[in-house]
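Just so we're on the same page: letters track the sequence lines, and every chain starts at 1.
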Amino acid sequence: PYLEIIENPKSRGFRFRYTCEGPSHGGIPGGSSDKNKKTFPAVKICNYQGYARIVVQLVTNEENPRLHPHSLVGKQCQNGICTVQCGPKDMTATFPNLGIQHVTKKNVATILEERYIAAEMQLSSINDGFPQEDRKRISVKATSEAKSIDLSVVRLMFIAYLPDSNGAFTIMLKPVISDAIFDSKAPNAATLKICRMDCNAGSASGGDEVYLLCDKVQKDDIQVVFSEEDMQGNNIWEGYGNFSPTDVHRQFAIVFRTPQYRDVDIKQPVNVQVQLRRKSDHEVSEAKPFTYLPNKSDLELIDRKRRKPMPDFVDHLGNGNTGGYSFAAGSNVQQSYNFSSSPAGGDNGGGKVKEARRPPAKQQNPQKGPMDPTMLLKLNRIKTEPVSWAKWAERNSTALHDYSITGDVRMLLVLQRHLTSIRDHSGDSVLHVAVIHDQLEVLSSLLDVVATLDNKQSIVDAINKQKQTALQVAVLTDNVEAVIDLIKMGANPLILDSYGNHSIHVACRHGNASILYHLLNSKQLDIMQMDMKNHDGLGCFHLAAKASQGTRQCLGLLKSNNFNVNMADTKSGRTALHLAVEMDNLVVAGCLISECDADMEAATYEGYTPLHVAASLGLCEIATLLLACGADPDASTSPP
DNA sequence: CGGGAATGCAT
DNA sequence: TATGCATTCCC
């Protein structure tokens, strides 16, 4: 005969209870237990029929199990041990009401001692106590073992006894031991759970910051795992959220950066899973969805614009298409096309110049009817003089001749100067377009004719749909010459794009010192405006520190233009030096300290100095640098 | 049962 | 002495 486990206890999610919490808190569920169908641990005696006794007690989760000081409590339990009868027909025994009582730490040794004594009494037939030396021996053993026992995990040891010829249950079958049961209240075994995320989508290139609220975790023993399954449910990709222990807030929140997806160039959104994973035992939380989106950086949009097929002049022969360009809906300027470039009177002048179609009336905004032409002209401050068709044609042909003589395209452009305010479907003006396509000569010519307009400032500073000025596009594409030209024409470097970045921010982010230099030299800049934080809460020093190149020169320029090197970012109070340390960038950190006079003791909202950050990330070199430069090794994390 | 306050322990 | 978290207790 032998004893066999037919239902193991559930490993996780059961809470051990202290004596003070009272007995009845529900029993250990079975491994296959679920909400609608509860099961319990159970064993079966095989190859035997008749009465039997089964004893259950707690043992450690070790290769060689030891008695555990916790107690089994419940119906048939006494002194931490559960004893039941079974048979003679049904040889299974189920245990529906087993509780685990948590011994307090300081009682471990005492309880263990009792257990050992009880066990020895069982084995030996001595009933009248032990000699003093045995007591002593057991006490010493209990004290020494007490230290090494893990109170957060137990296993059930089942021992079956069959009756001997006297009917006494003395025939012991081989003990069987269950799977481990972990205390769900123990910090290192608690159930992992994602409660909330501030965002569930991000760029395929990763690096997006996510705030995740969770049930209690241990900051040194937790990971955020991104994973993807194929149709068959096989795991085909895994990435890890990027954070350090200091990014785990009070055990209940994690601020991390998303990992790069396996394919940065996805064309469609990809759905993956996020879950928490405990490093020590590989336990995971339930997964939550996360979507990787195709990269849509500003640069990529520009790249897309560049890849559009080149127009051909024969497209403009007047067969009803405009060469693929549509005009920005709702823009007033498009209507001005008719009035400022066509002969007075608005007849179509024999079709020599193709006239833009009037856009369909704007449906979303029906009360806004077609605008009175004179009002329109006023609004656009477009100077027009009524000219006859003949006069208009004469001007054009003269211009064309002059162009033939000089090769100076401005001869032609000047007649179209009012059209420079027209935008395409991306909201780009001709200035944007010239910059995007790196047409420096064109840009220069356009700027020359724009300069003759009264509203030249608004044309130079026009923004597209991403709220970028032509100057911003030039900065974004590292086009120094274009930047110089635009600045010369008075372009405003402080206009904010949709991320709250002005041109100086972008130059810093790109680490383009040459462009930064020219931007900083444009006229009438106010340091207050220049040294602003963008929508990510970062200032110029932060962006320059994070740049992958040109950092030193940019930092130097910022410093000499009185930018604040100690500016704290809005989200967490980190300075540029904190960022440099986080990136483990010795060069940038050194430059910030020695050349920009960065404050070594600047503290984040949580009170971390750069040295704290270095220490928590285990960055020896950079910590050494900070110390060598005089950082305070005793700085506390709680400023007064 | 589960949430969480109170207490204790290790720095 | 104060903090951060584990342990214990309470509801």
Indicate whether the side chain of Arg574(A) and that of Tyr605(A) have a donor and an acceptor atom separated by less than 3.5 Å. no
Expressed in angstrom and rounded to an integer, what is the separation of Gln251(A) atom CD from dT7(C) atom P? 11 Å
Is any side-chain N or O of Tyr18(A) closer than 4.0 Å to OP1 or OP2 of dT8(C)? yes
Can you list every pair that meets ring pair (Phe, Tyr, Trp, His ring centres under 6.0 Å) and has a residue in residues 93-113 of chain A, with sequence neighbours left out? Tyr18(A)-His102(A), His70(A)-His102(A), Phe95(A)-Phe158(A)
Does Phe40(A) CZ have over 12 foreign heavy atoms under 6.0 Å away? yes
Among side-chain atoms of Thr104(A) and Asn107(A), is any donor-acceptor pair under 3.5 angstrom? yes
I need the residues from residues 97-105 of chain A with at least one non-hydrogen atom less than 4.0 Å from DNA chain C; give them sorted by number, or say none. His102(A), Thr104(A), Lys105(A)
Counting just side-chain N and O atoms, does Gln218(A) come under 4.0 Å of either OP1 or OP2 of dG4(C)? no
Ser32(A) and Glu7(A) side chains, donor-acceptor separation under 3.5 Å: yes
Distance between P atoms of dC1(B) and dT8(C) (Å, rounded): 23 Å
Quick one: does Lys185(A) reach the base of dG4(B) with a side-chain donor-acceptor pair under 3.5 Å? yes
Pairs meeting criterion ring pair (Phe, Tyr, Trp, His ring centres under 6.0 Å) with involvement of residues 184-222 of chain A, two or more places apart: none
Considering only NZ, NE, NH1 and NH2 on the basic side and carboxylate oxygens on the acidic side, decide whether Arg15(A) and Glu21(A) come within less than 4.0 Å. yes
Heavy-atom donor-acceptor pair, Asn79(A) side chain to Ile81(A) backbone, under 3.5 Å: no
Looking at DNA chain B, which of residues 8-17 of chain A put a heavy atom within less than 4.0 Å of it? Arg15(A), Arg17(A)
Hey, are Asp599(A) and Asn566(A) close enough side-chain-wise for a donor-acceptor pair under 3.5 Å? no
Find the distance Lys106(A):NZ to dT7(C):C1' and express it as a whole number of Å. 11 Å
For Arg155(A), check salt bridge (charged side-chain N to carboxylate O under 4.0 Å, His left out) against everything at least two apart and list the hits. none
Of the listed dC5(C), dC9(C), dA6(C), the closest approach to the Glu21(A) side chain comes from dC9(C)
Check this for me, if you would: do Asp281(A) and Arg278(A) make a salt bridge, where the nitrogen-to-carboxylate-oxygen distance has to be below 4.0 angstrom? yes
Contacts under 3.5 Å, N or O only, protein and nucleotides 8-11 of chain B:
none

